[in-house]
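Keep in mind that the numbers below use all heavy atoms, side chains included, and drop hydrogens, waters and symmetry copies.
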Amino acid sequence: MTTSQQDLQNDPYRLAIVAAERLRAALAVHGLAIPSLRGGHPAVSTPMVELGGCSADVAEALAAVLERVDPA
């Protein structure tokens with residue numbers, strides 16, 4: 001069974017899990033991993049993603065990737 005966008009909008013916790021997995025996949029493309037990254041429980045119905053901790057090397061590499069992207 002596939003999760004529709006409407007189902008996700010109605011379930012902030014599932015939306016947070018999907019967002020966390022999308023971020024995990026995007027980081028992996030750059031060889032980066034945040035081990036404690038996960039979808040969290042909603043705060044006042046806002047989906048939340050818990051980024052958690054990572055090594056200083058991963059933080060530096062993530063910053064370098066973000067600095068190369070045009071923020072527009």
Colleague: Minimum heavy-atom separation for Ala20 to Gly39, with atom names?
Modeller: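 Nearest pair, atom of Ala20 first, then Gly39: CB-N, 3.5 Å.
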
Colleague: Val18 and Tyr13: same hydrophobic cluster, using ILVMFWY side-chain contacts below 4.5 Å?
Modeller: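 As far as the 4.5 Å side-chain criterion goes, Tyr13 and Val18 are not connected within one cluster.
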
Colleague: Closest approach of Ala59 and Cys54, non-hydrogen atoms and distance?
Modeller: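 Smallest interatomic distance, heavy atoms only, reads N-SG, 3.9 Å.
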
Colleague: Is the count of non-hydrogen atoms from other residues, nucleotides or ligands lying under 6.0 Å from Glu60 atom CD greater than 12?
Modeller: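 Atom CD in Glu60 is not crowded, with 12 or fewer foreign heavy atoms closer than 6.0 Å.
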
Colleague: Check for me, please, whether Val58 and Leu23 land in the same ILVMFWY cluster - side-chain distances under 4.5 Å, paths through other members count.
Modeller: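 Hydrophobic grouping puts Val58 with Leu23.
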
Colleague: State the CG-CD distance between Leu62 and Glu67, to the nearest 0.5 angstrom.
Modeller: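 The distance works out to 9.5 Å.
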
Colleague: Are Leu27 and Ile17 joined in one hydrophobic group, where the rule is that I, L, V, M, F, W and Y side chains link up if heavy atoms are under 4.5 Å apart?
Modeller: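 Different hydrophobic clusters.
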
Colleague: Starting at CD of Glu21, measure out to CG of Leu37 and round the result to the nearest 0.5 Å.
Modeller: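 Taking CD in Glu21 and CG in Leu37, the distance rounds to 7.0 Å.
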
Colleague: Can you see which heavy atom on Met48 is nearest to which on Ala43, and at what distance?
Modeller: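 Closest approach of Met48 to Ala43: CG-N, 3.8 Å.
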
Colleague: Could you pull out the closest heavy-atom pair between Val49 and Ala16, with the gap in Å?
Modeller: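 The answer is CG2-O, 3.6 Å.
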
Colleague: Taking Leu66 as the starting point, is it possible to reach Ile34 by hopping between hydrophobic residues whose side chains are less than 4.5 Å apart?
Modeller: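 Yes, it is one cluster - the side chains of Ile34 and Leu66 are joined through contacts under 4.5 Å.
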
Colleague: Rounded to the nearest 0.5 Å, how far apart are CG of Leu32 and OG of Ser55?
Modeller: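 The OG atom of Ser55 is 9.0 Å from CG of Leu32, to the nearest 0.5 Å.
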
Colleague: Indicate the atoms forming the closest heavy-atom contact of His41 with Glu50, along with that distance.
Modeller: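 Scanning both residues completely, I find the closest heavy atoms to be N-OE2, 4.4 Å.
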
Colleague: Can you name the nearest heavy-atom pair linking Pro47 to Ser45, along with the distance?
Modeller: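 Smallest interatomic distance, heavy atoms only, reads CD-O, 3.6 Å.
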
